[in-house]
Novice: 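For reference, the structure I am asking about is given below.
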Amino acid sequence: MSNRTAGDRALTRHRLFWPVVVLVVLLAANTAYRPSFLSVQMRDGHLYGSLIDILRLSAPLILVALGMTLVIATGGIDLSVGSLCAISGAIACLYISRQPDQNSLGGVLTALALGLGVALVLGAWNGVLVAVIGIQPIIATLILMVAGRGLAQLITEGQILTINSDPYKAIGVGHLLTLPLAIFVALAAALLIAAVTRRTALGLIIESVGGNAQASRLAGIRSARITFLVYVISAACAAVAGFMITANVSSADGNAAGLWVELDAILAVVIGGTSLAGGRFSLSGTILGALLIQTLTTTVYAMNISPQTSLLFKAVVVIAVCLIQAPGFRARFARRRAPASAPAPVTEQPKEQVPA
Amino acid sequence: MKRMRTHLSSRKVIAVLTAALLATGVAACGNSDTGDSGGKDDGKITLGFSQVGAESGWRTANTTSIKEAAAEAGIDLKFDDAQQKQENQIKAIRNFIQQKVDVIAFSPVVESGWDTVLKEAKDAKIPVILTDRAVDSADKSLYKTFLGSDFVKEGRLAGEWLVEKEKAATGPVNIVELQGTTGSAPANDRKKGFADAISANPNLKIIASQSGDFTRAGGKQVMEQFLKANPKIDVLFAHNDDMGLGALEAITAAGKVPGKDITIITVDAVKDGMQALADGKFNFIAECSPLLGPQLMDLVKKVHNGEEVPVRIETQETTFTQEQAKEALPNRKY
């Protein structure tokens, strides 16, 4: 973002340039395969089309990935978000299923508060393990990743819990201003997190903790408190994502809800240009990464790529995105294409400012 | 400084992990009923049963059926829940051997790796019955019989019903298929059985087929794209009820009427699926029944008395149309 002097080069060197290119290529390929892919119609008072599906389905992933971004920025990782989705969704659905009137707004709000509350407690548990006791994040959150799935199944008693509640369903499939409600919720969360981290010093402090927790502490930052905080935020994001996932199908499936979403979230964060080593993060990059992953999934279904090859297809695209983003790889590629050109730009990476 | 911290924390890691392991261990004990070693020589047959886990409503119904049937048949049941882990199951079977139960039955979590423990059972002269899932052991003498569903047949029954329904069709009938988890036996077999059956009528064509992972969310997400990519879909074949239920919402959102504009055929017949069938949203379900308890108890008595039993026994299963679903629904157990 900093050196906008040479228009083109600055653009291609922008961190998000290549993910955007891949996203556009995917959309173009879909359109070539089926020209109506991009078409959006009005149906029952809201917009309807594959693009709208992508927006709606990427909302939970965006939320989880936003929380994950902050955790990764501190040099940590949160593997428990998938299980947290399942738990919060299961609690909310269980509470609603016990209500005499499942459509009562008060009941649904209480259910959401319960689900969110339990997720916050579990997020605090993660935070304590990492920040207070000092367990490595991957181990600390692995505990809840494994145990949490069992907890979710315990809540639903191993059954798929079906509910019939219009207000709850709206979280997953409702519409606002003709667009899916879920995407507004995700964007609201993104704006809130962006405001808190980029309009105050919090973002900088998180990055400094990720850069060097010890040095930050000596500089007067309460590192442990910041580390604790990001796990709680991550859990809150996962809880809301869990509501969306369960509301989308009006049922809580302890086994399948949010399964492997932690891996997709980590991937979204990485595609968005946040370093896994911590110390720097990009919220807009994460959102773009999440949209790219959902577009990829939808592409597989829309182009009817056979299930046996779809995983390979996804892997190839992801590898391509990661390689193309790596300055070292691009430099080598460029050198081979044009051997006489100026020295590879590996060494001339400008110090990046990371925008919100 | 950093090094010191890691060193310090590794001990704590171990402490916490141990605590977590202890906790799961306690939970495992709480779930299994192996503890109650009832009177051994009261003439009752003792059956040791190791269940996969409680991962779905289907499985829970399976467990209930086995427990009820054992009580009814006067068989002393030692029940163990393996919580999806093969090592738990092997441990349970070894326990059964030590307790000298009369018959061992289990639903294998995975297909391979059973030879050693099954040989131990054979050496102890305890007959073994497999339920619901098979093992890929080369030595067929390690178990007496395999009682379970025939997934190919389920797919075939679904296909045959469609062939019968569409026999008057003059133009092409477009079918979309929601497959189960890629590579799983039920997905492979149901797909094969269905494809074989509909090959009887060249008008019936599968125009798209994707995996919905046996989940509602998967079924819905795939169906949304099917509907947008294919303007004319006549039939949906889903490998289980849950994917079909997810697809219902996608179909409604697309402005079509499930059960009328699109004929929906599924497999399983769980309660929510039967409800959808009775409500006219589904058109046909091929049952995959978990209620094999009574059949299992018959077999236990037979092998205990040394009678010959066939190596492969199919679960008694049926199919449901909308009218049959309305009748059967009040008495469904799962």
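Values below: every heavy atom of this structure, side chains too, minus hydrogens, waters and symmetry copies. Here is how names work: the chains are called A, B, and so on, in the same order as the sequence lines, proteins then strands, and each is numbered from 1. Since we're looking at a predicted model, the values are computed, not measured.
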Novice: Using non-hydrogen atoms only, which part of B:D242 is less than 4.5 Å away from chain A: side chain, backbone, both, or neither?
Specialist: side chain
Novice: Does any backbone or side-chain atom of B:Q221 lie under 4.5 Å from a heavy atom of chain A? Answer side chain, backbone, both or neither.
Specialist: both
Novice: Scan A:T141, A:L129, A:V128, A:V130 and name whichever one has a side-chain contact (heavy atoms from CB on, under 4.5 Å) with A:I135.
Specialist: A:L129
Novice: Give, as side chain, backbone, both or neither, the part of A:S39 having an atom under 4.5 angstrom from any heavy atom of chain B.
Specialist: neither
Novice: Picking from A:S50, A:A302, A:A256, A:S250, which has the most non-hydrogen pairs under 4.5 angstrom with chain B?
Specialist: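 Going by pairs under 4.5 Å, I would pick A:S50.
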Novice: Using a 4.5 Å heavy-atom cutoff, which residues in residues 210-220 of chain B come close to chain A?
Specialist: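 Listed by number: B:Q210, B:S211, B:T215, B:R216, B:A217, B:K220.
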Novice: Look at A:T246, A:N304, A:V300 and state which one has the largest set of heavy-atom pairs under 4.5 Å with chain B.
Specialist: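 Counting heavy-atom pairs under 4.5 Å, the top option is A:N304.
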Novice: How long is the span from the CZ atom in A:R56 to the CD1 atom in A:I52, to the nearest 0.5 Å?
Specialist: 10.0 Å
Novice: I'd like a table of donor-acceptor pairs (distance under 3.5 Å, sequence neighbours excluded) in which one partner is a side-chain atom from residues 76-86 of chain A, with atom names and distances.
Specialist:
from  : atom 1 : to     : atom 2 : distance (Å)
A:D78 : OD1    : A:S80  : N      : 3.0
A:D78 : OD1    : A:S80  : OG     : 2.7
A:D78 : OD2    : A:S234 : OG     : 2.9
A:S80 : OG     : A:N126 : ND2    : 2.9
A:S83 : OG     : A:M145 : O      : 2.5

Novice: Between atom CD1 of B:I285 and atom OG1 of B:T266, what is the distance when rounded to the nearest 0.5 Å?
Specialist: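 Separation between the atoms: 4.0 Å.
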Novice: Enter the distance from A:T162:OG1 to A:D253:CG here, rounded to the nearest 0.5 Å.
Specialist: 9.5 Å
Novice: CZ of B:F151 to NE2 of B:H239: how many Å apart, nearest 0.5 Å?
Specialist: 12.0 Å
Novice: Show me the donor-acceptor pairs within less than 3.5 Å that the side chains of residues 247-254 of chain B make with the rest of the protein, sequence neighbours left out.
Specialist:
from   : atom 1 : to     : atom 2 : distance (Å)
B:T252 : OG1    : B:L248 : O      : 2.7

Novice: Could you tell me which residues satisfy salt bridge (Lys or Arg N to Asp or Glu O under 4.0 Å) with B:E177, sequence neighbours excluded, listed by chain and number?
Specialist: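 For B:E177 the salt bridge (Lys or Arg N to Asp or Glu O under 4.0 Å) partners, ignoring immediate neighbours, are B:K191.
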